[in-house]
S.K.: 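Next up is a structure, given as structure tokens.
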Amino acid sequence: MAALLEVEHLRIEFPTRRGTLVAVDDVSFSIDEGEVLGVVGESGAGKSLTGTAIIGLLEPPGRVAAGEIRLMGRRIDDLPYEEIRKIRGKQIGAVFQDPLTSLNPLYSVGRQLIETIQTHTDLSPTQARTRALELLQEVGIPAAERRVDHYPHQFSGGMRQRVVIALALCVNPKLVIADEPTTALDVSIQAQIIALLKRLCRDHGTAIMLITHDMGVIAETADRVAVMYAGRIAEIGPVRSVIKEAKHPYSHGLMGSIPKINDTKERLDQIEGSMPRLTEIPPGCAFNPRCPHVFERCRVERPELLDAGATRASCWLYAHG
Amino acid sequence: MAESPRPLVKVSGLARYFDVSAPWLNRVLDGQPRLILRAVDGLDFEISKGETLALVGESGCGKSTVARLVVGLYRPSTGSIVFDGVDMAGLGGRAEMAPIRRRLQMIFQDPYASLNPRWRVSAIVSEPIRAFRLIEGESKIVERVGQLLRQVGLSPVDGEKYPHEFSGGQRQRISIARALSSQPEFLVCDEPTSALDVSVQAQILNLMKDLQRQLGLTYLFISHNLAVVRHIADRVGVMYLGRLAEIGPKTTLFTLPRHPYTRMLLDTIPDLDMTGCKRTPVAGEVPNPINPPSGCAFHPRCPFANDRCKTERPEPKANETGSITACHAVEEGRPPAGPLPAAAA
Ligand SMILES: Nc1ncnc2c1ncn2[C@@H]1O[C@H](COP(=O)(O)OP(=O)(O)OP(=O)(O)O)[C@@H](O)[C@H]1O
Ligand SMILES: Nc1ncnc2c1ncn2[C@@H]1O[C@H](COP(=O)(O)OP(=O)(O)O)[C@@H](O)[C@H]1O
Ligand code: SF4
Ligand code: SF4
Ligand SMILES: [Mg+2]
Ligand SMILES: [Mg+2]
């Protein structure tokens, strides 16, 4: 069975006066139907750009310089704007960190939902309104009939994010790209939104690419997780394996640096140094200046994703033969 | 508590109200009432020397306001802050404040906004030294700045650079170096790692612990992240809408939380050990502090709320576990003690 989404050797570049910046380099992964793929990494690792490229919203001069993105076997990275817009409406939904970027402050949430529904289906206005109400109820807006005509500013942050999720779900997309959907929310509200995303995924078979720097959110939500570092995937695999026994030295260090609620150790594990800027990515393995296991090959040759037991890691420690 | 020595910081009945009414004319014309926002509404806590007290709570519950009150950036509406036996409210002008101000410093959440972009790092770090005239002579100041930069894991040559040349974590190191330059005893840290990536956060938390041990520092540490708090704190206070729901030794609070809000918070923190595990998030939202719910402000979200909770505000009471809890149900022995089943899973 083909995967729902396939990303192969994706490379995203920004031409600048001082040369080309490679922000995402040779990134490959796939997402199956109904699967939640978590994407973690420090800020600047290339998470959002990868998501943006999939929905075709990369802002010029940023461009997909190499690789392919396929949805249900069909290539979508080289489509004209109008085509990708249609796919975005019908097959891929998006939820961003700041719900206000996805909502128009001048229209009531009901109007925004109804318009989106009508753009992509042939429901009548009354049917569309009924569907909008159902969606608001589904995402847990209390008294939806009363709230449907309210404007975005009349909702709290958590409620707005629910409305955005309703918008993303208008047309039963196959895939939702959620970029830091809970980062701006309070912990209690964050838990509500995570529960909502999980329920939607279960009830509708929607696949989710969940981008976040919060490993706790991933641990609770994702089936598999990709750890990104300096524009590349360091490790990808089942969520439990990556959390409990990360194979790549970076993801291993990352897990150790996270304070855990049930952990009473005196000091957190610490990765020395910091992630390089795009202009300073070293040759070979991008992590080599910080890696406790670095050896000769790491400084000259760039590792691809290699089998590392339960996960795949781009690390020469797992080169066999 | 009785035999413990005098606390370094003692806060009693601390409150800070903000007038958020519409301008006077609008109020008169539109007949709008005066609106008072009770950002902090009656807090009591003490911090012993060398100890870390952490305050946690959701956005808007008043954490930053407490931080600003404690370092003297806001004046309390009521209540008192006593630092090493000196009532801060009694201090009049700048001259009287200065000796105390030198001994307490603040570190802010945003390492981008809190450093002057046009100053070199050496000027930023030495500013408190100059302001309080702690060291005379330029070469001695330069030497001290170099020492401070090394202490926070930077290099003396970094003093020549500007803040924009540093990453977020390095900028937070600069903030810490600046805070340490007046040789304070007490640091108020308002979400010092919230803007940082976890791997950088680990570096800063480790650094803060090392410095505390080396210099005998006392911390008031503010955060919304319970896992961070568990790592850094000795005692923890949980705030809800300007009040302390519960305060107690860290281990007690995390293993035997009593207040329903503490238990809810513990239950909602996404944690690494939670893979695939189902939780039931609490319904409802953080209420508006301008018009807080009557009685116990948590009652609209509380599974144990009854009529008394809707009318009578619970006062903090010590309980047998060593923590202090403001909850009628706990006082009446209503909710089952110990962690909620899901939190223990
Ligand atoms: N100067 C001010 N004028 C009016 N209202 C204020 C002022 N400062 C804070 N508030 C209000 O007081 C309440 C508490 O604010 P505070 O900044 O202390 O919250 P916090 O717990 O630090 O929240 P966060 O987690 O978002 O930083 C909020 O409702 C806030 O809007
Ligand atoms: N418009 C742009 N021009 C130049 N560089 C960019 C642009 N947008 C993003 N980048 C760079 O690409 C890298 C990855 O960015 P992003 O995908 O937003 O990271 P993440 O979401 O993982 O924090 C970063 O180094 C960022 O600075
Ligand atoms: S390839 Fe080498 S430097 Fe890179 S993570 Fe593996 S061991 Fe470390
Ligand atoms: S006082 Fe009542 S409403 Fe408040 S936390 Fe306790 S039981 Fe719940
Ligand atoms: Mg991003
Ligand atoms: Mg704050």
Side-chain angles (χ1 to χ4, degrees), chain A residues 40-45 140 142 156-159 182 184-196 198 212-223 238-240 243-244 250 253-275 277 290, chain B residues 56-61 153 166-170 193 195-207 209-210 224-232 250-251 254-255 261 264-288 301 343-344:
Chain A
V40 275
E42 338 208 334
S43 59
S156 69
M159 286 288 160
T182 61
L185 304 174
D186 272 316
V187 279
S188 64
I189 310 301
Q190 185 176 318
Q192 295 170 1
I193 298 292
I194 295 170
L196 171 63
K198 277 164 82 168
T212 171
H213 64 271
D214 187 338
M215 204 55 216
V217 170
I218 298 255
E220 293 215 345
T221 322
D223 301 306
V239 71
R240 278 201 95 77
I243 288 174
K244 300 278 181 221
Y250 171 68
L254 186 67
M255 298 308 148
S257 70
I258 302 171
K260 296 160 199 77
I261 202 89
N262 295 320
D263 190 359
T264 48
K265 69 180 170 208
E266 231 342 81
R267 282 178 75 80
L268 297 165
D269 297 350
Q270 182 171 323
I271 314 174
E272 299 303 332
S274 54
M275 194 172 76
R277 298 170 198 214
R290 307 174 70 189
Chain B
V56 276
E58 296 183 87
S59 189
C61 72
F166 294 89
S167 68
Q170 288 170 325
T193 63
L196 307 176
D197 282 306
V198 282
S199 65
V200 184
Q201 166 172 281
Q203 295 173 346
I204 299 294
L205 291 177
N206 285 341
L207 172 67
K209 278 197 154 186
D210 293 344
H224 64 273
N225 184 327
L226 276 174
V228 166
V229 159
R230 173 145 210 193
H231 181 72
I232 196 96
K250 163 172 79 177
T251 317
F254 279 90
T255 53
Y261 180 62
M264 180 203 101
L265 270 186
L266 283 176
D267 198 24
T268 50
I269 301 301
D271 194 53
L272 292 197
D273 295 328
M274 292 291 216
T275 46
C277 134
K278 281 211 193 71
R279 293 178 297 126
T280 35
V282 193
E285 297 181 43
V286 186
N288 179 351
R301 308 173 80 187

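Just so it is clear: chains get the letters A, B, ... in the order the sequence lines come, proteins before strands, and each one is counted from 1.
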S.K.: To the nearest 0.5 Å, how far apart are NZ in A/Lys265 and NE2 in B/His231?
M.R.: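 If we round to the nearest 0.5 Å, A/Lys265:NZ and B/His231:NE2 are 8.5 Å apart.
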S.K.: If every non-hydrogen atom of A/Arg267 is compared with every non-hydrogen atom of B/Asp210, which pair is closest and at what distance?
M.R.: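 For A/Arg267 versus B/Asp210, the nearest heavy atoms are NH1-OD1, 2.6 Å.
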S.K.: Taking side chain to side chain contact (heavy atoms under 4.5 Å, CB included) as the criterion, tell me which of B/Asn225, B/Thr193, B/Val228 meets it with A/Pro259.
M.R.: B/Val228
S.K.: Nearest 0.5 Å, what's the CD-OG distance between B/Gln203 and A/Ser257?
M.R.: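 Answer for the CD-OG pair, B/Gln203 versus A/Ser257, is 8.5 Å.
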S.K.: When rounded to the nearest 0.5 angstrom, what is the spacing between CD1 in A/Ile258 and CD in B/Gln201?
M.R.: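 One finds 9.5 Å between CD1 of A/Ile258 and CD of B/Gln201.
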S.K.: Using a cut-off of under 4.5 Å on heavy-atom pairs, state which of B/Leu226, B/Asp197, B/Val198, B/Leu205 scores highest against chain A.
M.R.: B/Asp197
S.K.: Using a cut-off of under 4.5 Å on heavy-atom pairs, state which of A/Arg277, A/Gln190, A/Glu266, A/Met255 scores highest against chain B.
M.R.: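 It is A/Glu266.
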S.K.: Of all residues at least two apart in sequence or in a different chain, which pass the side chain to side chain donor-acceptor pair (under 3.5 Å) check with B/Asn206?
M.R.: A/Gln270
S.K.: Rounded to the nearest 0.5 Å, how far apart are CE of A/Met275 and OG of B/Ser167?
M.R.: 10.5 Å
S.K.: Quick one: are B/Ser199 and A/Glu42 in side-chain contact, heavy atoms under 4.5 Å?
M.R.: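 When only atoms from C-beta onward are counted, A/Glu42 and B/Ser199 do touch, with a gap below 4.5 Å.
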S.K.: Which bit of A/Asp269 is near chain B, if near means a heavy-atom gap under 4.5 Å: side chain, backbone, both or neither?
M.R.: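 Contact with chain B: backbone only.
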